[in-house]
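Below you'll find the structure, written out as structure tokens, and then a few comments.
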Amino acid sequence: MSMHEAHERFVSETGARIASYLDACVRCGLCADACHYHQASGDPRHAPVMKFQILDRIYRRHRDPFAPLWRLLGRGRDPDPEELKELRELIYDTCSMCGRCTLACPMGIDTAQMVWIVREGMAAAGLAPPVLEQMARRAKKAGSPMGIDPQKLREILDEVSREYDVELPLDKDRADILLLDSSLDFNVYRPTLAAMAKILNRLGLNWTFSTRGYEASNLGLFTGDVDVARAMVARIVEAAEEVGASIVLAPECGHGYGSIRWEAAELLGFEPPFEILHISEFLARLHREGRLKLRRKERSLTYHDPCKVGRRGGVVEEPRELMRDLVSDFREMHPSGILNWCCSGGGGVVLLESAREVQLEAFRIKMRQVEDTGAEGVIMACAFCHYTFDSSAKHFGWDCGIEDLVQMVAEQMVVEDA
Amino acid sequence: MNTWLWLAEGPLFWLSLSVFGLGVAWKLTGLLLLGGPRAQPTPRGSPAGGAVYTILRHFVPRRVFLPGAGLHVLAGYAFHLGLFILLGFAAPHVAFFGERLLGVSWPTLPQWGFIVAAEFAFAGLIILWAMRISEPIQKLVSRPADHAATWLTFLVMLSGCLALEEAHVSLRALHMTLVDAWLFWFPFSPLMHTFTFLFSRGFTGATYGRRGVGL
């Protein structure tokens, strides 16, 4: 890992799309209004536009069609290690790559995509936050960022099977559906894992977990380590091909869904040969087809749109289709859908001690949003958002009545006798 | 004809216009040739539809951002619309572009229309620049080129207004010299956003259109 590799990464990743962003930006600063971290800190350095200035300099010197002219005129300079170290706060602590700033930008600039490239360079320079880097390394080695190797996976599935009285098939020879889950569900939110299995079993679907590829979360996308990101999605593709799955089901994990659904093709260099669906997307499809019937409960609940499932993933309406049949009084936050505020913990931010203060301050926006609905609770469809809500609500002593979408579906699905 | 005016409207103008045309073409072609992703995921929606949607949608700010963006947006529209109206319909411009260069003519702005358009353009540009030098984020992120682009455009507009009555040949020559400088510098400057905003919005729209979401 070196500055040379970082530089190579910055240069090679600046293609036509990124160049058009850098050339279109007029430095108006309107993106700042959309950023929860800037709103929380009020620090101008935290404005999204500040996060890609390093790419702009590199672009001018190396990729701009007029780059030879700029070099001749001695314009700009390449970044040094100290400068990159200082960037950590902007790139890792105060950006969850939620993409909300794109909506506020008159030029439609996708700052999150540029932050991902800067993270790639930072990781190549060995400057990713150590806690994320350790987890990413562990994921590459063991298959999961929390060290859940195939043997540990078997133990967890056995435990969940016994505790929740549900069958969790592992390593079937052939299956139509390959189910993935995240480390957070395997370790913390096991009722969600059990709920997914219950739903698939009750619907009589042919599905399996695979020891070859089971982890949805992709820490490579947090650190910017492309090798890790690629290795994680490659495992899933191999596992799906091995069992002959036509569908890969991504769990309630925002970035996990994004990595296999939207990033895998670019990482691997080919389009994965199967359908990839977020669990809420899959359930909504079954619901629409009449195969999944739900019993509505008298409750008032709101929904937190996970950024990487909704705004950056395209799954906005599907969870709502389910929720309208799950609760009698579904209340939208304001704003919601693609305009929703991030939970404040995405992109690995909630895992960073250095980001804790600004993350908690940003979470206040989310608290206000939920409270303004007057609903009894808030529904989650992303384990990482769930974890951010849990840890932040605990800090503030806030009882927000968290519910989980998949668990609600499992509890309220109507099981008809065969 | 005054030698200065002859130079500014003749050889210098054609040189600047050539640099402008070739520079813009070089920049945009080079930008597109920088390449894209190695492979694309299976679409959930239409990339082309997404590109068109985002290009059009970002002309109007989303309501939730208006409290903070309102003045900026108003000033931006006032400046750009005012400038385009002046550029296309001020009588001397119609005479210069239309009758002299293209050999055609079209209706021109009445005097009061010119004044209104110019007031909008000046007010917009001055407000935008005032924000650039006073708002903390813009102060921090603005480059010398951003200020230079504003000032050069301002001087082009100001000299154009002074030359309107055609009272002095030297005022017209000054205006044309500034226009030449503006055209010459355009492809190398932040003024290129005039063209690249379409690419920027288009790429984002196509990316998220593919994902089935209109941003």
Side-chain angles (χ1 to χ4, degrees), chain A residues 14-34 38 44-45 47 49-50 53 63-66 69-70 99 102-110 113 261-272 275-276 310-316 334-335 338-339, chain B residues 23 26-42 44-45 54-55 57-59 61-62 64-65 67-69 72-73 76 128 131-132 135-143 146 187-188 190 192-193 196-197 199-205 207-208 210-215:
Chain A
T14 305
R17 181 179 164 202
I18 301 303
S20 76
Y21 294 154
L22 297 171
D23 268 320
C25 181
V26 289
R27 273 83 178 157
C28 65
L30 291 181
C31 49
D33 282 346
H38 177 264
R45 291 179 312 121
V49 64
M50 296 303 298
Q53 293 311 304
R63 296 287 271 170
D64 187 328
F66 293 124
L69 177 66
W70 302 136
T102 300
L103 296 168
C105 173
M107 306 297 173
I109 292 170
D110 188 355
Q113 186 61 28
R261 178 65 179 94
W262 301 117
E263 308 298 340
E266 166 66 1
L267 288 165
L268 298 170
F270 62 86
E271 188 182 332
E275 193 176 15
I276 304 156
R311 179 163 48 240
R312 289 174 65 76
V315 183
V316 178
H334 179 74
I338 60 166
L339 285 159
Chain B
W26 176 266
K27 177 84 178 190
L28 297 182
T29 309
L31 190 149
L32 289 176
L33 290 176
L34 287 175
R38 293 187 301 161
Q40 291 279 15
T42 310
R44 193 171 187 269
T54 303
I55 286 171
R57 184 65 188 81
H58 280 248
F59 277 115
R62 280 157 165 110
V64 293
F65 301 123
H72 217 125
V73 172
L128 289 174
M131 287 195 283
R132 192 174 287 291
E135 290 194 350
I137 296 165
Q138 287 198 67
K139 267 168 74 175
L140 195 61
V141 79
S142 292
R143 303 155 293 183
D146 295 308
F188 314 101
M192 271 301 289
H193 78 266
T196 50
F197 85 95
F199 292 18
S200 173
R201 290 183 192 174
F203 275 120
T204 293
T207 302
Y208 291 95
R210 175 176 289 276
R211 299 181 187 191
V213 60
L215 293 192

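Residue numbers begin at 1 in each chain, while the letters A, B, ... track the order of the sequences.
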* To do: Run the numbers on A:Arg312 and B:Leu215 for side chain to side chain contact (heavy atoms under 4.5 Å, CB included), then give the verdict.
  => CA-CA 9 Å; A:Arg312 289 174 65 76; B:Leu215 293 192; 5.8 Å; no
**OP:** Please test B:Phe203 against A:Asp110 for side chain to side chain contact (heavy atoms under 4.5 Å, CB included), starting from the C-alpha separation and ending with a verdict.
**Re:** CA-CA 9 Å; B:Phe203 275 120; A:Asp110 188 355; over 6 Å; no
Practice task
Apply side chain to side chain contact (heavy atoms under 4.5 Å, CB included) to the pair B:Gln138 and A:Val49, showing each step before the final yes or no.
Solution key: CA-CA 9 Å; B:Gln138 287 198 67; A:Val49 64; over 6 Å; no
Residues A:Arg27, B:Ile137; criterion side chain to side chain contact (heavy atoms under 4.5 Å, CB included); working and verdict: CA-CA 8 Å; A:Arg27 273 83 178 157; B:Ile137 296 165; over 6 Å; no
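The distance from atom CZ of A:Arg45 to atom CG of B:Leu140, rounded to the nearest 0.5 Å, is 9.0 Å. For the atom pair A:Tyr21 OH and B:Phe197 CZ, the distance stands at 15.0 Å (nearest 0.5 Å). How far CE of B:Met192 is from OG of A:Ser20: 11.0 Å, rounded to the nearest 0.5 Å. Rounding to the nearest 0.5 angstrom, the gap separating the CZ atom in B:Arg38 from the CG atom in A:Leu267 is 7.5 Å.
Heavy-atom distances place the backbone of A:Leu268, and not its side chain, under 4.5 Å from chain B. Only the side chain of B:Arg62 comes within contact range of chain A, with at least one heavy atom under 4.5 Å from a heavy atom of that chain. Both the backbone and the side chain of A:Ile109 come within contact range of chain B, each with at least one heavy atom under 4.5 Å from a heavy atom of that chain. Within the 4.5 angstrom heavy-atom criterion, atoms from both the backbone and the side chain of A:Leu103 approach chain B. Neither the backbone nor the side chain of B:Pro67 comes within less than 4.5 Å of any heavy atom in chain A. When heavy atoms are compared at a cutoff of 4.5 Å, A:Glu266 approaches chain B by way of both its backbone and its side chain. With a 4.5 Å cut-off on non-hydrogen atoms, B:Arg57 does not touch chain A at all. Interface remark: A:Leu22 contributes no atoms to any contact with chain B (heavy atom separation under 4.5 Å). Only the side chain of B:Val64 comes within contact range of chain A, with at least one heavy atom under 4.5 Å from a heavy atom of that chain. Heavy atoms closer than 4.5 Å to chain A are found in both the backbone and the side chain of B:Pro136.
In terms of heavy-atom pairs under 4.5 Å with chain B, the best-connected choice from A:Pro335, A:Ala34, A:Ala32, A:Pro44 is A:Pro44. For the set B:Pro187, B:Pro61, B:Gly212, the count of heavy-atom pairs under 4.5 angstrom toward chain A peaks at B:Pro187. Contacts with chain A were tallied for B:Leu32, B:Thr54, B:Thr42; B:Thr42 has the most, counting heavy-atom pairs under 4.5 Å. Contact count against chain A (heavy-atom pairs under 4.5 Å) is highest for B:Arg44 among B:Glu135, B:Gln40, B:Met131, B:Arg44. Of the listed residues B:Thr29, B:Val213, B:Thr204, the one with more heavy-atom pairs under 4.5 angstrom with chain A than any other is B:Thr204. Put simply, of A:His38, A:Glu275, A:Arg261, A:His334, the one with the most heavy-atom pairs under 4.5 Å next to chain B is A:Arg261.
In this structure, B:His58 contributes its side chain and A:Cys105 its backbone to a donor-acceptor pair below 3.5 Å. The backbone N or O of A:Asp23 sits less than 3.5 Å from a side-chain atom of B:Thr196, completing a donor-acceptor pair.
B:Arg211 has a carboxylate O that lies under 4.0 Å from a charged side-chain N of A:Glu263, or vice versa, which qualifies the two as a salt bridge.
A heavy-atom distance below 4.5 Å is not found between the side chains of B:Pro41 and A:Glu271. Looking at heavy atoms from C-beta onward, A:Trp262 lies in side-chain contact with B:Arg210 at the 4.5 angstrom threshold. Residues B:Pro190 and A:Val26 fail the side-chain proximity criterion, which asks for heavy atoms closer than 4.5 Å. Annotation: side chain of A:Leu30 is in contact with side chain of B:His72 (closest heavy-atom distance under 4.5 Å).
Heavy-atom minimum distance, B:Ala39 versus A:Ala265: CB-O, 3.5 Å. The two residues B:Leu34 and A:Ala19 make their nearest non-hydrogen contact at CD1-CB, 3.5 Å.
Taking the six-membered ring where the residue is Trp, A:Trp70 and B:Phe188 present perpendicular rings, their angle passing 60° and hence far from 30°.
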